[in-house]
Structures are given as C-alpha cells and as structure tokens.
Amino acid sequence: MAAMSHSANQDFLEFVLDQLSGLRRVTSRPMFGCIGLYSGDDFFAIIDEGRLFFCTDETTRTRYRSAGMSTFQALPSYYEVPVDVLEDDASLCAWAREAVDVHRRKPRSRGKKPHAAR
C-alpha cells in the first residue's frame with residue numbers, strides 16, 4: 001500500500017477530530033510516522049495511513065475482532081475502528097471514551113520497582 005500524502009493524513013486527522021468533538025480535550029501529536037491522539041494526558045488512539053486505531057483490552061477487543069478489524073502492527077493492543085463507527089460521531093465518541101478508560105486502567109510501568117523473585 002502506498003503511503004498517504006501529508007495533506008491526506010491531515011484531512012483524515014481533521015475529520016477524526018471533528019467526529020470526536022464531543023470528547024473533551026482531544027489533541028494530536030506526531031508519533032513515529034503516524035499520529036497519536038490524546039484525551040488530556042491519556043494516549044488512546046493512533047491514526048496511520050487513513051485508519052484510526054483505539055486502545056483495547058480483554059474487555060473491549062472482542063467487539064473489534066467480531067467486526068473483522070486488525071491491530072496496529074507496532075502496538076497490537078490498538079485495533080482499527082470499524083468504518084460505520086468512524087462515520088457516526090456519537091458512536092465514535094462512545095468508543096473513544098471506552099478507549100480512554102482502557103488506557104487509564106493499564107498498569108503504569110514508569111516508577112514501579114520490579115518484584116523480587118522469591
């Protein structure tokens with residue numbers, strides 16, 4: 001698949017941000033050739049080549065798999081959002097809130113000491 005042009009990526013980002021206008025404090029940052037989406041400090045989504053991926057866990061990924069969606073290769077806990085959800089702003093915001101909650105539940109590795117082996 002050919003890489004999307006910068007303007008196509010920017011257009012898709014603008015579309016996604018518009019669809020997510022019901023979610024507070026959504027920002028974007030360049031990230032390793034793609035775009036990371038944040039709600040406040042919570043990294044909950046990735047945009048790559050015109051596709052949107054949300055953070056999932058064992059409680060949420062079944063819905064993505066049932067829709068036949070694939071993972072983001074570099075971060076397999078992120079699944080592509082189905083087009084019908086992407087096109088419905090209310091559904092997209094609901095799925096995005098769920099992705100933010102999933103990210104917040106993830107254990108933080110920074111500052112944690114490894115458990116002693118015994």
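The model shown is predicted, which means the values in this text are computed figures rather than measured ones. Residue numbers run from 1 in the order of the sequence given.
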Following the transitive rule for hydrophobic clusters with a side-chain heavy-atom cut-off under 4.5 Å over Ile, Leu, Val, Met, Phe, Trp and Tyr, establish whether [X] and [Y] coincide in one cluster.
X	Y	value
Leu37	Phe32	no
Tyr78	Leu17	no
Ile47	Val102	no
Val81	Val16	yes

Calculate, to the nearest 0.5 Å, the distance between atoms [atom1] and [atom2] belonging to [X] and [Y] respectively.
X	Y	atom1	atom2	answer
Arg61	Ser66	CZ	OG	12.5 Å
Phe53	Phe72	CZ	CZ	6.5 Å
Glu98	Thr59	CD	OG1	6.5 Å
Glu49	Cys34	CD	SG	9.5 Å
Phe54	Leu92	CZ	CG	4.5 Å

Grab the two heavy atoms, one from Gly33 and one from Asp48, that are nearest each other, plus how far apart they are. O-OD1, 4.2 Å
Would you name the heavy atoms of Thr56 and Ser77 that are closest together and state the gap between them?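 Scanning both residues completely, I find the closest heavy atoms to be OG1-O, 2.7 Å.
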Would you list the pairs meeting side-chain hydrogen bond (donor to acceptor under 3.5 Å, both in side chains) in which at least one residue belongs to residues 36-47, sequence neighbours left out? Asp42-His103, Asp42-Arg104
My understanding is that only residues two or more places apart in sequence, or in another chain, count here; which of them pass side chain to side chain donor-acceptor pair (under 3.5 Å) with Arg97?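 None.
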For Asp88, enumerate each residue passing the side chain to side chain donor-acceptor pair (under 3.5 Å) test, keeping only those at least two apart in sequence or located in another chain. Ser91
Side-chain atoms of residues 18-27: list all donor-acceptor pairs with protein atoms under 3.5 Å, sequence neighbours left out, distances to 0.1 Å.
from: Gln19; atom 1: NE2; to: Leu86; atom 2: O; distance (Å): 2.9
from: Gln19; atom 1: NE2; to: Glu87; atom 2: O; distance (Å): 3.3
from: Ser21; atom 1: OG; to: Asp18; atom 2: O; distance (Å): 3.0

Looking at Asp57 and Arg105, is any side-chain nitrogen of the basic one under 4.0 Å from a carboxylate oxygen of the acidic one?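 Result for this pair is yes, salt bridge flagged.
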What residues, two or more places apart in sequence or in another chain, satisfy salt bridge (charged side-chain N to carboxylate O under 4.0 Å, His left out) together with Arg65?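 Result, salt bridge (charged side-chain N to carboxylate O under 4.0 Å, His left out) vs Arg65: none returned.
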May I ask you to check whether Trp95 and Tyr79 place their ring centers less than 6.0 Å from one another?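 No: the rings miss the under 6.0 Å criterion.
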Hey, mind stepping through Met31 and Ile46 against side chain to side chain contact (heavy atoms under 4.5 Å, CB included) and telling me if it holds? CA-CA 9 Å; Met31 184 187 95; Ile46 299 167; 4.0 Å; yes
Non-neighbouring partners of Ala67 that pass side-chain contact (heavy atoms from CB on, under 4.5 Å), sequence neighbours left out: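 So Ala67 forms a side-chain contact (heavy atoms from CB on, under 4.5 Å) with Met69, Pro82.
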